Structures are given as structure tokens and as C-alpha cells.
Amino acid sequence: MPGDQSFSDIARGFAAVRAAEALLRTLGGSTISVRVPLDVTMATNTEEFGLAGPATEDVALSPVVVRRARAQGKNQRGRVELLISAASLAAAKEITDAAGSEAFFDSALGVIHDNVLKQVVSFAVDDFGGTPYLYRVVVQE
């Protein structure tokens, strides 16, 4: 729990965040966009009839390192693993905890990489001292 952490654990967590950010930038971090639905409370008549799609927002995240995902079974072709800096998600959407980041990627309609919308397959958080510093997102076409 965050309340049970010492000052040195918190400081080490922030150091891990800065180190991950620097490492991803050094490895040639690129930019991706995560397409998420907007919170719209009132539906128009066209949306009620299914004539218009839901309103969405593309959230740009950088630095991101894109690499081929490790094959763990059949039909794994086209899977890509995205290593995303936790600092980039915090800057874009003010999400700083593991639960918030998981909810963000669970609600995502997809990830835009190389101008192609790809489906989120899995999500994992790397943390140190309770502070997330890296997100691993596997996507596929």
C-alpha cells in the first residue's frame, strides 16, 4: 500500500520512472496513439439508431519502444509489444497508478501504430516500490 512505503521507497520509485523514460528515449522511442471513447452522457438520435459511431479521442504517448512480441503459441503472427513510459501516460492523462492505467488500456478501442488501428491483447505493469514505471502492452492487427 502506498501509505506503508518509506520515503526511500518512494524516491526509488520516482528514480525508476525517470530511468525508464531515459532508457526508452535512448532506444529510439517512437510515438503511438491510444484510441479511447469520450465520456458522452447525452446520445443524439443518430447514435440511438446506430447511425453514428461513438465519439473518440486519440491520446498520443511517447516515448514508446515497439518490438516483436514473443510467440507463446499458434496464431501469434503480427503481435507487437509496446513498452510505454509511465511518465508519458501521467503527462497525457494524469494517470499515475496501476489500477488507473489498467482501466485506461481496458477501455481503449485500440492502439494506432504505423497508421493501423491494432487491438489490445494484453497489458502488464512493471513497478518499483509500488510506483509504476513501465507498461507492457501487446497489440495485434
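Residue numbers run from 1 in the order of the sequence given. Given the structure is predicted, the values throughout are model-derived calculations rather than measurements.
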Run the ring-ring contact (aromatic ring centres under 6.0 Å, His included) test against F105 and tell me which residues pass, sequence neighbours left out. F123
Side-chain contact test, heavy atoms from C-beta onward, threshold under 4.5 Å: evaluate it for R136 versus E81 and give yes or no. yes
Dump the intermediate steps for side chain to side chain contact (heavy atoms under 4.5 Å, CB included) on L82 and L61, then the final yes or no. CA-CA 11 Å; L82 308 171; L61 299 177; over 6 Å; no
Could you see if V65 belongs to whatever hydrophobic cluster contains V80? Use Ile, Leu, Val, Met, Phe, Trp, Tyr and a side-chain cutoff under 4.5 Å. no
Does V17 reach the side chain of T131, with side-chain heavy atoms less than 4.5 Å apart? yes
Does one hydrophobic cluster hold both I32 and F104, with members joined at side-chain heavy-atom distances below 4.5 Å? yes
What closest approach, in Å, do S62 and R25 show between heavy atoms, and which atom pair accounts for it? O-NH2, 4.3 Å
R79/V121 under side chain to side chain contact (heavy atoms under 4.5 Å, CB included): CA gap, chis, key distance, verdict: CA-CA 9 Å; R79 285 196 176 188; V121 175; 3.4 Å; yes
Would you check, one step at a time, whether the test side chain to side chain contact (heavy atoms under 4.5 Å, CB included) holds for V36 with V59? CA-CA 8 Å; V36 293; V59 179; 4.1 Å; yes
Result block: side-chain N/O donor-acceptor pairs under 3.5 angstrom for residues 108-118, not counting sequence neighbours:
{"residue": "H113", "atom": "ND1", "partner": "K118", "partner atom": "NZ", "Å": "3.1"}

List the atom of A60, the atom of S33, and the distance in Å for their closest heavy-atom pair. CA-OG, 4.1 Å
Note, L134 side chain near I84 side chain (heavy atom, < 4.5 Å): no
In sequence, state the C-alpha distance, the side-chain angles, and the governing distance for Y135 and L83, and then conclude on side chain to side chain contact (heavy atoms under 4.5 Å, CB included). CA-CA 6 Å; Y135 302 122; L83 303 177; over 6 Å; no
Could you tell me which non-hydrogen atom of A16 sits nearest to which non-hydrogen atom of F128, and how far apart they are? CB-CB, 4.0 Å
Give the table of side-chain donor-acceptor pairs shorter than 3.5 Å for residues 86-99, with sequence neighbours excluded, one pair per line with atom names and distance.
{"residue": "S88", "atom": "OG", "partner": "S85", "partner atom": "O", "Å": "2.6"}
{"residue": "K93", "atom": "NZ", "partner": "E57", "partner atom": "OE1", "Å": "3.3"}
{"residue": "D97", "atom": "OD1", "partner": "G100", "partner atom": "N", "Å": "3.2"}

